[in-house]
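For reference, the structure is listed below as structure tokens.
Excluded from the calculations below are hydrogen atoms, water molecules and symmetry mates; all remaining heavy atoms, backbone and side chain alike, are included.
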Amino acid sequence: GIIAVFESHRAKGIPDMYSLHSWCGMATFVLYLLQVRGGKPLSPPGGKGLCSACDIPVSPQWFLGCGFFLFPGASFSLRGWYKPQHIFFGIALFILSITSCLLGITEMLLFKISDSYSHFVPEGILANTLGVLLVAFGLVVGYVLTREEWKRPPLAEELALSMDFKTLTEGESPGDGSQ
């Protein structure tokens with residue numbers, strides 16, 4: 001997708017990276033790339049992924065998730081530090097995606113129908129409706145993300161594992177302060 005944009009600009013003689021849409025789009029692309037590394041395995045081409053028997057695409061986020069939440073060596077303070085970072089960057093990526101879409105719609109309207117836009121042409125009405133729907137979608141997702149009642153409660157097994165990990169990593173006894 002992003003290569004097609006640069007090739008299209010080159011073919012039409014349009015400069016690259018001059019608008020707010022292109023800057024926000026590139027920031028979204030880079031942040032997404034840092035999250036998933038484009039789905040490419042962290043191994044040489046033709047090589048194996050994490051293990052010699054499989055070729056699993058592994059991203060840096062996958063490593064951080066495993067390191068902080070799966071292996072018992074990570075302390076609760078480290079997990080507590082990483083979770084807000086993970087939430088922030090996920091929300092930032094979502095907001096940047098919607099912003100890039102809205103800026104792209106506006107830019108296309110200005111390029112294609114700038115003379116007739118104020119006369120309520122169908123293309124303008126469709127683009128504005130799409131923009132309003134994108135904003136509404138972003139607001140609904142933001143509302144759901146900020147509500148405690150929408151979060152999944154921890155399962156009993158997770159609470160037990162959580163206590164065991166805390167005991168292993170921080171040296172506390174499960175019986176401390178319970179009686």
Side-chain angles (χ1 to χ4, degrees), residues 1-43 45 49-50 56-70 74 76-118 120-154:
I2 198 158
I3 294 171
V5 171
F6 285 106
E7 287 177 356
S8 171
H9 282 190
R10 188 176 307 119
K12 295 177 183 176
I14 300 171
D16 294 322
M17 302 300 296
Y18 68 94
S19 68
L20 185 58
H21 165 66
S22 59
W23 287 32
C24 286
M26 188 55 74
T28 305
F29 178 74
V30 168
L31 187 58
Y32 181 76
L33 190 65
L34 288 175
Q35 271 196 323
V36 298
R37 193 178 148 87
K40 303 259 191 247
L42 293 178
S43 63
L50 278 182
I56 301 171
V58 180
S59 69
Q61 185 178 7
W62 189 85
F63 276 125
L64 289 173
C66 282
F68 289 146
F69 297 107
L70 184 60
F76 273 90
S77 61
L78 190 59
R79 292 177 192 173
W81 173 83
Y82 178 66
K83 185 177 179 183
Q85 311 301 319
H86 173 73
I87 291 169
F88 170 78
F89 283 108
I91 292 171
L93 182 59
F94 180 69
I95 291 170
L96 272 172
S97 298
I98 289 179
T99 303
S100 297
C101 290
L102 292 172
L103 289 168
I105 291 169
T106 303
E107 190 173 297
M108 251 344 212
L109 285 174
L110 292 175
F111 284 157
K112 299 290 183 188
I113 60 169
S114 61
D115 296 336
S116 59
Y117 180 60
S118 62
F120 296 103
V121 294
E123 295 91 347
I125 293 171
L126 177 64
N128 288 340
T129 303
L130 180 59
V132 168
L133 289 173
L134 277 169
V135 170
F137 175 67
L139 291 173
V140 168
V141 169
Y143 177 79
V144 169
L145 287 175
T146 59
R147 310 311 295 171
E148 282 296 321
E149 59 267 16
W150 287 83
K151 292 183 181 176
R152 182 181 64 86

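The line from CZ of Phe89 to CG of Leu96 is 11.0 Å long, rounded to the nearest 0.5 Å. Interatomic distance, CG of Leu110 versus OG of Ser19, reported as 10.5 Å (0.5 Å rounding). Residue Thr28 holds its OG1 atom at 9.5 Å from CD1 of Ile2, rounded to the nearest 0.5 Å. Atom NE2 of residue His21 and atom CE of residue Met26 lie 10.5 Å apart, to the nearest 0.5 angstrom. Atom-to-atom distance recorded for Lys151:NZ and Leu145:CG is 8.5 Å, nearest 0.5 angstrom.
Taking Thr99 as the reference, nothing meets the side-chain hydrogen bond (donor to acceptor under 3.5 Å, both in side chains) condition, with sequence neighbours excluded.
The aromatic rings of Phe94 and Phe137 sit perpendicular, their planes meeting at an angle over 60°, well past the 30° parallel limit.
Between Ser22 and Met17, the closest heavy-atom pair is OG-CA, 3.3 Å. For Gly138 against Ile98, the heavy-atom pair with the smallest separation is CA-CD1, 3.5 Å. Of all heavy-atom pairs between Ala127 and Ile105, the closest is CB-CG2, 3.6 Å. Here the shortest heavy-atom pairing between Arg147 and Tyr143 reads CG-O, 2.8 Å. Closest approach of Val121 and Ser116 over heavy atoms only: CG1-O, 3.4 Å. Shortest non-hydrogen contact noted between Gly124 and Ile113 is N-CD1, 3.7 Å.
Distance alone, capped at 3.5 Å, is enough to place a donor-acceptor pair between the Ser100 side chain and the Cys24 backbone.
Put simply, the side chain of Leu139 reaches to within 4.5 Å of the side chain of Val135, judged on heavy atoms.
Around atom CD1 of Ile3, no more than 12 heavy atoms belonging to other residues, nucleotides or ligands sit under 6.0 Å away. The number of heavy-atom neighbours closer than 6.0 Å to OH of Tyr18, taken from other residues, nucleotides and ligands shown, is above 12.
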Just distance, no hydrogens or angles: give the donor-acceptor pairs under 3.5 Å from side chains in residues 8-16, sequence neighbours left out.
residue	atom	partner	partner atom	Å
His9	ND1	Asp16	OD1	3.0

